[in-house]
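In what follows, a single structure is set out as structure tokens and then discussed.
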Amino acid sequence: MSSIQTSQLEAAAVSLAAQSLCNGLIRRSIELRALYRHAAKEVSEPGLRTVLNEEAQSLDHVIAELQAQLSKQTFIPATRSRMIGRARQHFDTLLVRSMHRSDDAWIRVLARNEKRLLKAYERALGRIASGEMTVVLHRQLPRLQSIDMDMHSLAKAIGS
């Protein structure tokens, strides 16, 4: 095998790894967006409902940009969540409904999940080779950090 063919195979393997990581981030983002939307329907405080819907819209932008970038690179982007994500959402819903102050519980659940998503993006940035996908991920970090700070502030306000 020539060095050109070897380098092409290595580039394809790197691209597939980047695609897999990015699709994983898209799926996790879709799952969290669904959780935000579900929580927005469940909370009783109208102001909190508005905030949660805005956070879901921010995730819409993150998801759309990652999907567009993967499509641009002729990869097939993820468009739905994993089965485990739906199961986790159902579990979180049952857990929150069993608590006395469900609005506070939703804030805690969302803050915890938002922190996990932000950490997943940061880990992915460390694993993906430099290129267009890292630029897109870097561009999304401030938006994700802002959502995380919002949820952390809300969690802090309720005493978590």
Atom pair CH2/CE of W106 and M151 - distance to nearest 0.5 Å: 11.0 Å
Just verifying a value: how many Å separate L32 CG and R37 CZ, rounded to the nearest 0.5 Å? 11.0 Å
Distance, nearest 0.5 Å, that separates CD1 of I107 from CD1 of I158: 4.5 Å
When every non-hydrogen atom of V109 is compared with those of N113, the smallest separation belongs to O-ND2, 2.8 Å
Provide the closest heavy-atom pair for R143 versus S58 in the form atom of the first, atom of the second, distance. CD-O, 3.4 Å
For the student: nearest non-hydrogen atoms of L21 and A124, plus distance: CD1-O, 4.5 Å
Check whether Q67 reaches the backbone of A78 with its side chain - one donor and one acceptor, N or O, closer than 3.5 Å. yes
I need the minimum non-hydrogen distance between I26 and P77, along with the two atoms involved. CD1-CB, 4.3 Å
Scan side-chain atoms only and decide if E114 and Y36 contain a donor-acceptor pair under the 3.5 Å cut-off. yes
Using every non-hydrogen atom in the two residues, find where L25 and L117 come nearest and quote the distance to one decimal. O-CD1, 4.3 Å
Where the side chain of D60 meets the backbone of E55, is there a donor-acceptor pair that is under 3.5 Å apart? no
Shared hydrophobic cluster for L66 and L141 (ILVMFWY, side-chain gaps under 4.5 Å): yes
Going by an N to O cut-off under 4.0 Å, is there a salt bridge joining D148 and K119? no
Here the pair of heavy atoms bringing S29 nearest to L59 is O-CD1, 4.2 Å
Sub-4.5 Å side-chain heavy-atom contact between R33 and Q57: no
For the CD atom of Q69 and the CZ atom of R139, what is their distance to the nearest 0.5 Å? 7.0 Å
Heavy-atom donor-acceptor pair, R49 side chain to V43 backbone, under 3.5 Å: yes
Which value, rounded to the nearest 0.5 Å, describes the distance between N23 atom CG and I76 atom CD1? 9.0 Å
Distance in Å, K115 NZ paired with H152 NE2, rounded so as to fall on 0.5 Å steps: 7.0 Å
